[in-house]
Every structure is written in C-alpha cells, then in structure tokens.
2 protein chains.
Amino acid sequence: MAEVDPRPQRDAQRTRAAILAAAQEAFSRSGYSDTGVRDITAAAGVNPALVNRYFGSKERLYEEALGALLDAALITDIPRERFGETVVAILTATQRSQLNPLPMMMLASADPTAREITDRLLKAVFIEPLARWFGPERGAGKAAFFSALASGLTVYRELYPLDAFGAQMPEEARNWLIAAFQSLVD
Amino acid sequence: MAEVDPRPQRDAQRTRAAILAAAQEAFSRSGYSDTGVRDITAAAGVNPALVNRYFGSKERLYEEALGALLDAALITDIPRERFGETVVAILTATQRSQLNPLPMMMLASADPTAREITDRLLKAVFIEPLARWFGPERGAGKAAFFSALASGLTVYRELYPLDAFGAQMPEEARNWLIAAFQSLVD
DNA sequence: TGGCTAAGTAAACGGTGGTTTACATGATGT
DNA sequence: ACATCATGTAAACCACCGTTTACTTAGCCA
C-alpha cells in the first residue's frame with residue numbers, strides 16, 4: 001500500500017509559492033509584457049484568478065518575483081581576495097542560475113511600469129548595498145562598473161549568445177574578465 | 001503670395017519614410033511588444049493600415065527599422081589610434097544619438113520573434129563585420145567584448161540610469177572605459 | 001456529522017492588439 | 001474633362017489580456 005500524502009490538496013502557502021516560482025521562471029524568460037498571467041498560472045497548475053487573490057495584480061507579482069531574485073543575488077559575502085574569479089564563476093556557470101535577476105531585468109525593461117519597479121528595486125536592494133560594500137571611496141562607481149560588466153556579459157550569454165562568451169569561454173577572455181572584476185576591490 | 005508646395009499631398013515614398021522614422025523612435029523607446037502599430041502611425045500622422053501596405057507586417061517593419069540603425073552604427077571607419085576615446089565619446093554623447101541601436105535591441109528582446117530578428121541582424125550586419133575589422137586573430141572575441149562593454153554602459157545610461165555613467169561621468173570612469181576600448185585595437 | 005470558511009474554479013467583461021476589408025479621394029495621362 | 005489607379009481612410013474582425021464576479025468544493029471544528 002502506498003503511503004498517504006499527509007499534505008492537503010489545498011494549501012494556500014504552497015499555491016502562492018508555486019505561482020511565485022513560475023512567475024520568476026516566466027518573467028526571466030519572456031519579460032513582463034510578453035508573459036501572460038495565464039502562462040504563469042498554467043505552469044503552476046492553478047487558476048489565473050489566483051494571481052489576483054494572492055498578489056493583488058500582475059504588477060505586484062512581478063515586484064515580489066524580482067525582489068526575491070535581487071535579494072538572493074547580492075554577492076557581498078564573497079571574500080575580497082578572490083572576488084574576480086568567484087564572480088566570473090557565478091556569471092559563467094554552465095548550469096544557468098535560477099537566481100540571476102539580470103535576464104528578468106533586461107527583458108522587462110520595455111514596459112514603463114515594470115521598468116519603474118525594476119529601477120527602484122535594483123537600486124534599493126542591489127546597487128546601494130553593493131556600493132556600501134565596496135566602501136565610501138568610489139563605491140558607487142565600482143558598483144556601477146560591476147553592474148555594467150555583469151549585464152553586458154549576461155546579454156551576450158543569454159539574450160544574443162556569442163561564441164566568445166559561450167560555454168567554453170577562451171582562457172584569455174575569462175582572465176580578462178576576472179582581472180576587470182578583481183580590480184574593483186584591489 | 002506664398003510659394004506653392006510643389007510636393008503632392010500623397011507621396012508613397014515620403015509616407016513610407018515617415019512610418020520608418022517613427023518606428024525607429026518608438027521601438028527604441030518602448031521595444032517591440034509595448035509599441036503598437038497605432039502608436040507608430042499616430043506619430044507619423046498616417047493611418048495604421050499603411051504599416052501593412054508598405055511593410056507587410058509590424059514584424060517586417062521592425063526588421064527594417066533595426067537593420068537601418070545597425071547599418072548606421074558600424075564604427076569600422078574610426079582611426080585605430082584614437083579608437084577608445086572616439087567610441088566613448090559616441091557612447092556618452094550628451095545628446096543621445098538617434099542612431100544607437102542598442103536601446104532598441106535591449107528593449108525588444110523579450111518578444112521571441114523580435115529577438116530572432118535582432119539576433120540575426122546583429123550578427124550579420126554588426127558583429128561579423130566588426131570582428132573582421134578587428135582582424136583574424138581574436139577578432140570575434142574583441143567584437144564580443146566591445147559589444148558587452150557598450151551594452152552594459154548603455155543599459156545603465158538609458159535604461160536604469162546610474163550617476164556613475166551619467167551626464168557628468170567622473171574623469172576616472174571615463175579613462176577606464178577609454179583604456180578598455182583602446183586595448184581592443186592595440 | 002454537519003455546517004462554515006478558506007481555497008479554487010469557470011466564465012464573462014472591457015480594453016487593446018495586429019490585421020483585413022471595403023470604401024473614398026487625390027494625382028496623372030490623354 | 002474624365003477615366004484610372006495609386007494612395008489613404010474608416011471600420012470591423014478576431015484573438016488575447018488582466019481582472020472581476022458568481023459559484024463550487026475541500027478542509028476543519030464543534
């Protein structure tokens with residue numbers, strides 16, 4: 001006899017989490033405007049109306065989805081002496097991280113509402129903490145360089161793939177990137 | 001007496017050009033999905049149906065709009081000894097260039113169809129010629145670095161503006177960028 | 001066991017999108 | 001002047017979107 005599943009069929013927390021996870025995946029793949037509420041809920045196996053029940057609107061679902069990704073992406077616990085290679089290792093992981101907020105940011109930027117939300121969250125939960133971590137002297141500039149470099153790399157790895165940034169990145173390219181990132185903390 | 005305008009009220013070429021120009025402006029500002037055919041034709045002062053008459057579809061209008069921008073953006077006639085500063089001057093021009101294809105590329109990348117078109121055009125009319133200009137040795141890698149750096153800079157100048165890349169960019173940041181670009185040709 | 005409430009569903013609503021169709025009108029050549 | 005065709009227009013079409021509403025059903029407690 002099979003074990004009975006002790007979990008009830010109806011579980012608000014589980015359903016909410018399933019929608020949020022499906023939203024993160026969908027928004028990261030298709031952005032804001034091109035991701036429908038019905039796409040998300042179909043992937044989560046629930047009814048479209050539940051987005052409004054649990055999150056209020058598609059807009060607020062996006063905000064929570066991106067916020068969680070940005071939170072998880074903060075890299076301020078990396079040891080400074082190995083900053084460059086650690087960052088490059090993360091950004092060029094063969095198994096694309098589910099937690100990289102950059103694709104979602106790039107793809108969602110066309111919609112004015114999503115862009116406003118993204119701009120606010122990006123600065124509040126990522127750029128500013130990162131700038132403080134870099135230190136009071138030129139911290140903001142370093143955070144900006146970090147973001148620009150990481151974004152450019154992500155664009156040509158995931159959006160418009162170029163061989164030079166592909167799976168088997170040439171040693172020279174990798175070293176250039178490591179040195180560029182490491183120079184921000186030295 | 002005022003001179004009579006010798007141009008007829010109806011001029012297919014002029015109308016077509018007006019639609020194309022309005023499309024470049026709109027796609028650069030709002031991407032593909034968030035730009036409506038009615039938005040474009042309203043800006044051009046013509047009827048929405050003319051998009052289909054002159055371009056076949058919104059899709060093919062996008063293709064022609066981006067293709068023209070990518071063509072005009074090729075920077076292979078820059079003297080190599082001043083490559084870095086020239087590129088940075090172009091990318092950080094106070095008056096944002098109407099011809100920079102990067103915002104359009106970034107904003108349009110969410111829609112699968114627009115992304116496919118962008119990917120094809122980007123490589124055929126920009127990346128590959130640029131790689132040849134850099135030379136047979138590591139040309140592709142240099143073109144990739146150029147694109148990544150330029151894209152990251154554009155993202156944080158136009159999409160999610162950061163002070164460090166703003167109008168009055170610190171001398172240090174500017175010099176870092178110039179050196180990075182110049183290193184690609186030295 | 002029975003009923004009450006949270007959880008989930010189905011269906012519709014108003015708005016908007018790209019596109020097509022049928023029609024009106026200005027330009028041109030005889 | 002008039003016929004003809006390119007050019008432009010108005011309106012409708014059909015599909016899809018986010019959201020709301022009315023309803024059903026499962027879970028839980030008395």
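Numbers restart at 1 for each chain; the letters A, B, ... are given by sequence-line order, proteins then strands.
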How long is the line joining [atom1] of [X] and [atom2] of [N], in whole Å?
X       : N       : atom1 : atom2 : result
K58(A)  : dT20(D) : NZ    : P     : 14 Å
N52(A)  : dC17(D) : CG    : C1'   : 12 Å
Y62(B)  : dG18(C) : OH    : C1'   : 17 Å
L61(B)  : dG17(C) : CG    : C1'   : 15 Å
D111(A) : dC17(D) : CG    : P     : 15 Å

Worksheet item: Pairs in or reaching into residues 123-137 of chain A: which pass salt bridge (charged side-chain N to carboxylate O under 4.0 Å, His left out), with residues at least two apart or in two chains?
Response: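 Listed once each, the pairs are D119(A)-K123(A).
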When you measure from the side chain of [X] to the backbone N and O of [Y], does any donor-acceptor pair fall under 3.5 Å?
X       : Y       : value
Y62(B)  : I117(B) : no
Q24(B)  : I19(B)  : no
K142(B) : L184(B) : yes

Practice prompt. Using the test side-chain contact (heavy atoms from CB on, under 4.5 Å), find all partners of S147(B) that sit at least two apart in sequence or belong to another chain.
Written response: Y156(A), F126(B), I127(B)
Fill in: Close side-chain approach of F146(B) and F83(B), heavy atoms under 4.5 Å
yes
Worksheet item: Are any non-hydrogen side-chain atoms of T41(B) and L50(B) less than 4.5 angstrom apart?
Response: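 No; the side chains remain at least 4.5 Å from each other.
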Item to complete: Starting at CG of L102(B), measure out to CG of L70(B) and round the result to the nearest 0.5 Å.
Response: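 So the CG of L102(B) and the CG of L70(B) are separated by 8.5 Å.
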Worksheet item: Looking at F181(A) versus F145(A), is the centre-to-centre ring distance below 6.0 Å?
Response: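 F181(A) vs F145(A): aromatic centres not under 6.0 Å.
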Discussion item. Near DNA chain C, counting only heavy atoms under 4.0 Å, which residues of residues 30-49 of chain A show up?
Written reply: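 Close to the strand are R38(A), V46(A), N47(A), A49(A).
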Item to complete: Quick one: which residue pairs count as a side-chain hydrogen bond (donor to acceptor under 3.5 Å, both in side chains) with a foot in residues 161-177 of chain A, not counting sequence neighbours?
Response: T92(A)-R174(A), E172(A)-R138(B)
Practice prompt. Please say whether more than 12 non-hydrogen atoms of neighbouring residues, nucleotides or ligands are located less than 6.0 Å from CZ in R82(A).
Written response: no
Table of protein N/O atoms under 3.5 Å from nucleotides 2-7 of chain C N/O atoms:
residue : atom : partner : partner atom : Å
dA7(C)  : N3   : R10(A)  : NH1          : 2.9

Practice prompt. Determine to 10° how strongly the helix from dT1(C)-dA30(D) to dT30(C)-dA1(D) is bent, judged from the axes of its five-pair ends.
Written response: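 Computed from the C1' atoms at both ends, the axes differ by 10°.
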